[in-house]
Number of protein chains: 2
Amino acid sequence: MVNIKDVAAEVGVSAKTVSRVVNGESAVKPQTRKRIEEAIEKLGYVPNQAARLVRTNRSRVLGILTDFVSTTPYSVEIIRGIQDRIAETDHSLLIANTAGDPAMERRIWQTFREHRIDGVFYATMYHRHVAFDFDHPPLPMILVNCSSPDHPELPSVVPDDYEGGYEAARYAIEQGHRAIAYITLNPLILAAELRDAAFRAALSDHHVPPQEKWIRPGIVGEIGKEEVVAFAEALALLGGKAKKKPTAIVCGNDEIALQVLCAALSLGLRIPQDVAIIGYDDFHVISMLVEPKLTTVALPYYEMGRRAGDNMMAVLSGADMISRVEKIPCPLVKRASA
Amino acid sequence: MVNIKDVAAEVGVSAKTVSRVVNGESAVKPQTRKRIEEAIEKLGYVPNQAARLVRTNRSRVLGILTDFVSTTPYSVEIIRGIQDRIAETDHSLLIANTAGDPAMERRIWQTFREHRIDGVFYATMYHRHVAFDFDHPPLPMILVNCSSPDHPELPSVVPDDYEGGYEAARYAIEQGHRAIAYITLNPLILAAELRDAAFRAALSDHHVPPQEKWIRPGIVGEIGKEEVVAFAEALALLGGKAKKKPTAIVCGNDEIALQVLCAALSLGLRIPQDVAIIGYDDFHVISMLVEPKLTTVALPYYEMGRRAGDNMMAVLSGADMISRVEKIPCPLVKRASA
DNA sequence: GCTAAAAATGTCAACGTTGACATTATGCGG
DNA sequence: CCGCATAATGTCAACGTTGACATTTTTAGC
């Protein structure tokens with residue numbers, strides 16, 4: 001493999017000068033620079049990052065440590081966002097998946113340290129709280145889609161689930177609905193808590209009496225092996241014998257909305273005339289594919305990834321972050337289902 | 001950061017001996033080994049991969065180069081498979097996304113070479129043919145979910161779409177259907193071609209007269225910005241004025257099946273009594289969530305990833321692969337929709 | 001055309017590790 | 001307890017790059 005000395009020899013110049021060109025330092029005569037660039041091209045020289053790292057102790061590699069993210073449909077957008085932002089810099093990315101396994105997580109930290117990673121993005125599938133083994137993170141770290149109550153000093157980027165949940169309910173009310181049901185996410189997740197509270201607050205703020213029996217669980221079971229039971233709930237809500245039935249159903253996420261939609265359709269109900277459906281996440285595979293298309297609150301995963309990238313760059317360049325939780329807004333996307 | 005010499009000094013032994021312990025070489029007295037291991041633990045020594053690489057020129061890092069995979073719901077399973085297989089070895093993984101951009105692809109190859117990657121998995125979102133700039137790949141390479149007609153020497157792992165497509169049609173026939181429609185994938189994709197041909201072959205083999213007007217496109221438009229139009233097609237097929245209507249619809253993939261299901265349901269049809277629906281991919285977000293749950297052909301993405309990992313290990317250990325395209329079977333998953 | 005400052009380039013050691021080879025300790029048969 | 005094979009450990013240079021510093025070349029001002 002051709003190295004920096006080969007290039008230097010080809011041009012008749014010292015290795016250091018080639019190094020300067022490769023690293024874009026200024027003190028090189030344009031003419032020399034040109035000849036070196038040509039030689040690099042001609043010989044197919046590719047700088048050896050490892051050698052550089054040995055010398056400088058800065059790897060220019062960032063890690064992404066996720067629980068299930070990169071193996072989960074929608075939240076991969078977080079990774080896309082990080083990737084796109086990092087592509088603008090001279091860093092590259094090492095992505096690793098714990099699959100929720102602590103042993104795996106330790107192994108990954110080890111790998112990260114072996115490679116002298118410059119910083120780590122810690123991203124989760126669901127918006128939730130996380131805890132860590134260490135007292136102080138071994139590397140600069142940005143939390144994405146999660147926050148750590150024990151480590152308030154860690155910068156984190158999260159969706160504003162409360163605002164989004166509020167907006168969903170508000171929109172239903174604005175459309176004239178007064179009989180609004182809510183099928184919740186798995187209550188174990190922070191996102192569920194926030195959206196839930198927001199739903200109740202919105203109803204209360206707009207003087208719509210909440211109906212406890214219309215607030216039903218749509219997903220149950222431990223994280224990683226949850227089950228979606230919204231279909232049965234929706235069937236009961238919309239097809240039961242109760243005199244008064246909801247005219248709108250706000251859903252904890254789009255997966256729930258999909259089941260609710262199946263239930264409504266199979267009962268012969270028209271959407272949104274007979275029953276309006278509002279989702280959450282704007283998970284395109286569902287929201288853009290069902291008919292009618294889903295009105296839903298978009299989770300700004302891509303944007304969150306980008307912001308996390310911004311924060312990482314800030315941290316690495318030594319800017320002392322006013323460490324804080326940054327909330328990214330979740331805009332309501334109006335389509336046909338409500 | 002503590003290095004190998006610090007450990008050596010702590011134990012009162014040479015750096016080389018510590019190196020031997022770290023690399024699991026045999027010629028070390030158990031007692032010495034133990035003392036060194038304790039010192040490593042005590043000092044928190046983490047070997048510097050970069051320094052090792054500079055010396056050995058073997059990075060123990062593999063790259064995954066994808067078009068849209070890691071940003072696409074189902075095919076992430078390929079990555080999971082590769083990850084799980086590689087986790088069993090002493091390698092780590094660098095994942096990069098081209099997003100279909102050739103400039104990005106070049107940039108990534110550059111990064112891979114800078115890091116002296118040992119090998120590359122080239123994975124695509126759809127099963128398709130790929131072409132490369134180079135005459136000879138710069139690194140050991142395994143194709144996943146794609147094959148390259150120009151480079152028959154590259155080992156590749158692909159799903160057996162033909163067999164899966166055949167199976168789907170055969171199952172419909174076996175269930176007694178004779179009026180079977182087929183809503184196709186984007187014909188630009190190899191998978192579409194294979195499933196398509198298999199559908200026709202299955203009908204022909206079982207003496208079911210094919211109806212050209214019942215073979216309709218479900219997805220149109222360029223790759224990366226395709227549009228799913230299956231809803232309208234299904235509506236026409238199932239709700240039109242034609243006397244004879246299909247009793248079963250085989251779909252090019254689960255996204256199409258989702259739209260077909262919405263169409264059937266909104267026409268008041270019962271599934272599978274009035275119309276049976278068969279998908280393809282077993283994309284859980286759809287197949288397990290719709291009601292009735294989808295009968296579909298599973299795409300063995302996870303398994304493909306693992307097999308690709310096996311192949312990579314074989315190639316790296318110098319086994320001269322009888323270079324070939326390895327087809328992984330696509331089993332039919334029977335659920336409620338057909 | 002001389003000088004001083006600035007620009008361009010060069011020299012050399014060091015980063016942390018491991019291969020090749022050298023040396024020293026240990027065990028064993030007699 | 002000697003000699004020899006084998007096991008255990010050590011020495012040292014080299015991998016490709018860049019930081020600190022040194023030297024040479026160019027430029028600008030007069």
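For the numbers below, each heavy atom of this structure counts, side chains included, while hydrogens, waters and symmetry mates do not. Each chain gets a letter, A, B and so on, in the order the sequences are listed, and its residues count up from 1.
- When rounded to the nearest whole Å, the span between CE of Met1(B) and P of dG16(C) equals 11 Å.
- Applying the 4.0 Å criterion to OP1 and OP2 of dT9(C), one finds that Thr32(A) has a side-chain N or O inside that range.
- Picking from dT9(D), dT17(D), dT18(C) the nucleotide with the shortest atom distance to the side chain of Val28(B) gives dT9(D).
- Backbone-only contact: Thr56(A) has heavy atoms under 4.0 Å from sugar-phosphate atoms and none from a base.
- Residues Gln49(A) and Ser59(A) come closest through the heavy atom pair OE1-O, 4.5 Å.
- Atom-to-atom, CG of Leu53(A) to P of dC15(D) comes out at 19 Å; the value is rounded to the nearest Å.
- Across all strands shown, Asn57(A) has no heavy atoms under 4.0 Å from either base or sugar-phosphate atoms.
- dT25(D) atom C1' lies 13 Å from atom CD of Gln31(A), rounded to whole Å.
- At whole-Å resolution of the value, CZ in Arg35(B) and P in dA8(D) are 14 Å apart.
- Relative orientation of the Phe132(A) and Phe134(A) rings is parallel, given thresholds of 30° and 60° on the angle between their planes.
- The phosphate of dA14(D) has neither OP1 nor OP2 within less than 4.0 Å of any side-chain N or O from Arg55(B).
- In Glu88(A), the CD atom is crowded: over 12 heavy atoms of neighbouring residues, nucleotides or ligands sit closer than 6.0 Å.
- Atom CD in Glu25(B) sits about 11 Å away from atom P in dA20(C), given to the nearest Å.
- Here dT18(D) is the nucleotide among dT18(D), dT9(D), dG16(C) with the atom lying nearest to any side-chain atom of Ala15(A).
- An OP1 or OP2 oxygen of dT9(D) is reached within less than 4.0 angstrom by no side-chain nitrogen or oxygen of Thr17(B).
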Test log, rule side chain to side chain donor-acceptor pair (under 3.5 Å), inputs Asn23(A) and Arg52(A): CA-CA 11 Å; Asn23(A) 292 289; Arg52(A) 176 180 286 171; 3.2 Å; yes
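- Side-chain contact between Asp310(A) and Arg85(A): present, with at least one pair of heavy atoms (C-beta onward) separated by less than 4.5 Å.
- In this model, the phosphate group of dC15(C) is not approached by any side-chain N or O of Asn48(B) to a distance below 4.0 Å at OP1 or OP2.
- For a distance-only test at 3.5 Å, the side chain of Arg20(A) qualifies as a donor-acceptor partner of the base of dG10(C).
- Within 3.5 Å, a donor on the side chain of Lys16(B) pairs with an acceptor on the base of dG19(C), or the reverse.
- Residue Arg52(A) contributes atom CZ, which lies 11 Å from atom C1' of dG16(D) at whole-angstrom precision.
- Rounding to whole angstrom units, CZ of residue Arg116(A) and C1' of dG16(C) are separated by 9 Å.
- Remark on DNA chain D: of its neighbouring residues Ser14(B) and Lys5(A), the 5'-side contact belongs to Ser14(B), judged by nearest-heavy-atom nucleotide.
- In this structure, Val13(B) reaches the sugar-phosphate backbone alone: every heavy-atom distance under 4.0 Å involves primed, P, OP1 or OP2 atoms, never a base.
- One interatomic measurement links the two molecules: CZ of Arg58(A) to C1' of dT17(D), which rounds to 15 Å at whole-angstrom precision.
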